[in-house]
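Accompanying notes for the structure given below.
Quick note: numbers below take in every heavy atom, side chains included, and nothing from hydrogens, waters or symmetry partners. Whatever order the structure lists them in is the order used to number ligands and atoms, beginning at 1.
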Amino acid sequence: MSDCIFCRIVAGEIPSQRVLEGGDWIAIRDINPAAPTHVLVIPRRHVDSIAALEDGDGQLAGALLLAARDVARHEGVAESGYRTVINTGAHGGQTVAHLHVHVIGGRQLTGHGTA
Ligand code: AMP
Ligand code: ZN
C-alpha cells in the first residue's frame, strides 16, 4: 500500500532505524519511544491488523512473536523482562493501520499499555 507509512518504511522510502530483520519482517526503533527499548516488529507484507489476519497467516503471526523474542535478546532485555503490545482498531488505540508488535522494556512498566 503506497499510502501506508509502514509499507513505505519497509520499502526504504521513509528512513527508519532498523534493529533487526527477518524474511517476513523488519524491526525498527519507535520514533516516540515509551521506554529505553521501544522497537516495532513490522511484517513486510501489508496486513491492517490482527483483525485482518486470515486462517492461513499462522506462520506469519508466529514469526512476529519469534521476532519479538529475538528483538528482546538483541536489546538485552530478555532477562529483565519486557512488554509486547499489539493494538487493534480504534478502541485498541491503533494509530498506524499496518500490523505491528511493540517490544517495550528497559524500565519497570505499569498498567497494560505502552505508557
Ligand atoms: P500504534 O498506536 O500501536 O498504532 O503504534 C504506532 C507506533 O508507531 C507509535 O508508537 C508511533 O510512535 C510509531 N511510529 C509512527 N510513525 C513512525 C515512524 N515513521 N517511525 C517509527 N515509528 C513510528
Ligand atoms: Zn502497510
Using distance alone, decide if ligand 1 has a nitrogen or oxygen within less than 3.5 Å of any nitrogen or oxygen in Phe6. no

Report the C-alpha separation of Val85 and Val101 in whole Å, then their side-chain angles, then the decisive distance to 0.1 Å, and conclude whether the side-chain contact (heavy atoms from CB on, under 4.5 Å) test is met. CA-CA 6 Å; Val85 174; Val101 182; over 6 Å; no

Backbone N/O of Pro43 and side chain of His98: donor-acceptor pair under 3.5 Å: yes

Can you report which non-hydrogen protein atom sits closest to atom 2 (O) of ligand 1, along with the distance? Thr95 OG1, 2.9 Å

So, of the N/O/S atoms that His98 has, which is the nearest one to the Zn ion (ligand 2)? ND1

Would His100 count as a polar contact of ligand 1, with the cut-off being nitrogen or oxygen pairs under 3.5 Å? yes

What are the atoms of ligand 1, with element, lying closer than 4.0 Å to any heavy atom of Gln94? 4 (O)

To the nearest 0.5 Å, atom CZ of Arg83 lies from atom NE2 of His38 at 11.0 Å

If I compare all heavy atoms of Leu40 with all of His102, which pair ends up nearest, and what's the gap? CD2-ND1, 3.3 Å

Nearest protein heavy-atom contact for atom 13 (C) of ligand 1: which residue, which atom, what distance? Asp30 OD2, 3.4 Å

Using a cut-off of 6.0 Å, state whether more than 12 heavy atoms not belonging to Glu13 lie near its atom CD. yes

Does Gln17 come within less than 4.0 angstrom of ligand 1, counting non-hydrogen atoms of the residue? no

Nearest 0.5 Å please: distance from the CD atom of Gln108 over to the OG atom of Ser80. 10.0 Å

Would you say Asn87 and ligand 1 have an N/O pair spaced under 3.5 Å apart? yes

Ile9, any N or O under 3.5 Å of ligand 1 N or O: no

Residue of the set Asp57, Asp24, Val10 for which side-chain contact (heavy atoms from CB on, under 4.5 Å) holds with Arg45: Asp57

Relative to ligand 1, is Leu40 under 4.0 angstrom through side chain, backbone, both or neither, heavy atoms considered? side chain

Testing the basics here: between Leu53 and Ala61, what is the closest heavy-atom pair and its distance to 0.1 Å? CD1-CB, 4.3 Å

Using only atom types and a distance under 3.5 Å, with no angle test, would you say the side chain of Arg44 pairs donor to acceptor with the backbone of Gly23? yes

Looking at ligand 1, is there an atom of it that comes within less than 4.0 Å of some heavy atom belonging to Ile14? no

Are Gly93 and ligand 1 in contact, using a heavy-atom cut-off of under 4.0 Å? yes

Ile31 to ligand 1: N or O pair under 3.5 Å? yes

Counting heavy atoms under 4.0 Å, the part of Arg29 that contacts ligand 1 is backbone

Salt bridge Arg29-Glu75, side-chain N to carboxylate O under 4.0 Å: yes

Give the atoms of ligand 1, by number and element, whose distance to some non-hydrogen atom of Asn32 is under 4.0 Å. 12 (O)

What orientation do Phe6 and His100 show, parallel under 30°, tilted 30 to 60°, or perpendicular over 60°? perpendicular

Checking contacts here: is it the side chain or the backbone of Ile5 that comes within 4.0 Å of ligand 1, counting heavy atoms only? Could be both or neither. side chain

Within a distance under 4.0 Å of any heavy atom of Ile28, pick out the atoms of ligand 1 and give their elements. 21 (C)

Can you tell me, to 10 degrees, how wide the angle at the Zn ion (ligand 2) is between SG on Cys4 and SG on Cys7? 120°

The Zn ion (ligand 2) has as its nearest N, O or S atom from His46 the atom ND1

Can you name the nearest heavy-atom pair linking Val77 to Gly105, along with the distance? CG1-C, 4.4 Å

